[in-house]
Amino acid sequence: MDTLKICHLYPDTLNLYGDRGNILCMKKRMEWRGLPVEIAEISVGEHFDPYDYDIYFIGGGQDFEQEVLLKDLAGEKGTAIKRAVDEEKVFLTICGGYQILGNYYKTWDGVQCDFLGAIDVYTVGEKKRMVGDFMFRLSEEDGGSIVTGFENHSGKTYLGKDVRPLGKILRGHGNNGEDGTEGARFKNVFASYSHGPLLPKNPKLCDFILKTALARKDPNISLKALDDTFENRAAAFMEKRLSAE
Ligand code: GLN
């Protein structure tokens, strides 16, 4: 098996609530299975070739950091990210990173951020933030399991017709607190409002994402089961707590 190459975009600018833990989780779950994996970090002013990596990760950030990145995204970097999405590279993007892939974000105080338009979603900020532990069920196509996480955003995201939600909200707000959707799926993009970080708390989703990327190298790939006793116990605890709310 070829090395799985993971690219962490803007690790120093977009890394809220330990979002970097998603990278560590993917790396560990590969290593525990004896599968080769490499991590690269690409930040402001650094270029990358969209064909060089199998998985791209973008974490969350405040409105301020997103505004700071506008210039960098408007150049070669934005073109490379869009190309990678079009070429069906796997993306995992969280909150501010999710919003950046969309068409635009209008902040609650009126700043218009024109983003990449790599996926057909848009975001409008509201002064009242959506904050707290939350829970959603992944769509059947993505494994159908329950995901627990933590959200903290002012942006309300709305999906275009070719983008389907990552899941359906069971507790909390998700995309906008209105239509019961959470996150987005388009080609091999997985986008979510879930910090937490998302993958260590939800190993089934981590494996689903790894498998999506590995299947592009070897369609017959199967991932050996790991001992997720502790992760499953933690998830069951959160599910119970949130269900009781
Ligand atoms: N700045 C965005 C918002 O508040 C994203 C925040 C985040 O990444 N947690 O909607």
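Whatever order the structure lists ligands and atoms in, that order sets their numbers, starting from 1. Just so it is clear, the values below take in all heavy atoms, side chains as well, and ignore hydrogens, waters and symmetry mates.
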Determine the interplanar angle of the F150 and H195 rings, folded into 0 to 90°, and report it as parallel if under 30°, tilted if 30 to 60°, perpendicular if over 60°.
->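 Correct class here is tilted.
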Residues D63 and Y105: side-chain donor-acceptor under 3.5 angstrom = yes
Protein residues having a heavy atom less than 4.0 Å from any atom of ligand 1 = L16, G60, G61, Q62, D63, Q66, C95, G96, Q99, Y105, R129, N152, H153, S154, G155, H195
Under 3.5 Å, sequence neighbours excluded: what are the donor-acceptor pairs made by side chains of residues 159-168?
residue : atom : partner : partner atom : Å
R164    : NH1  : S139    : OG           : 3.0
R164    : NH1  : D142    : OD2          : 3.2

Please answer: with hydrophobic residues joined when any side-chain heavy atoms are less than 4.5 Å apart, are F208 and L199 in the same cluster?
-> yes
Report all side-chain donor-acceptor pairs from residues 53-62 shorter than 3.5 Å, counting only partners two or more places apart or in another chain.
residue : atom : partner : partner atom : Å
D54     : OD1  : K217    : NZ           : 3.3
D54     : OD2  : K5      : N            : 2.7
D54     : OD2  : K217    : NZ           : 3.4
Y56     : OH   : P50     : O            : 2.8

Donor-acceptor contacts under 3.5 Å from residues 234-245 side chains, at least two apart:
residue : atom : partner : partner atom : Å
R241    : NH2  : D133    : OD2          : 3.2
S243    : OG   : E239    : O            : 2.6

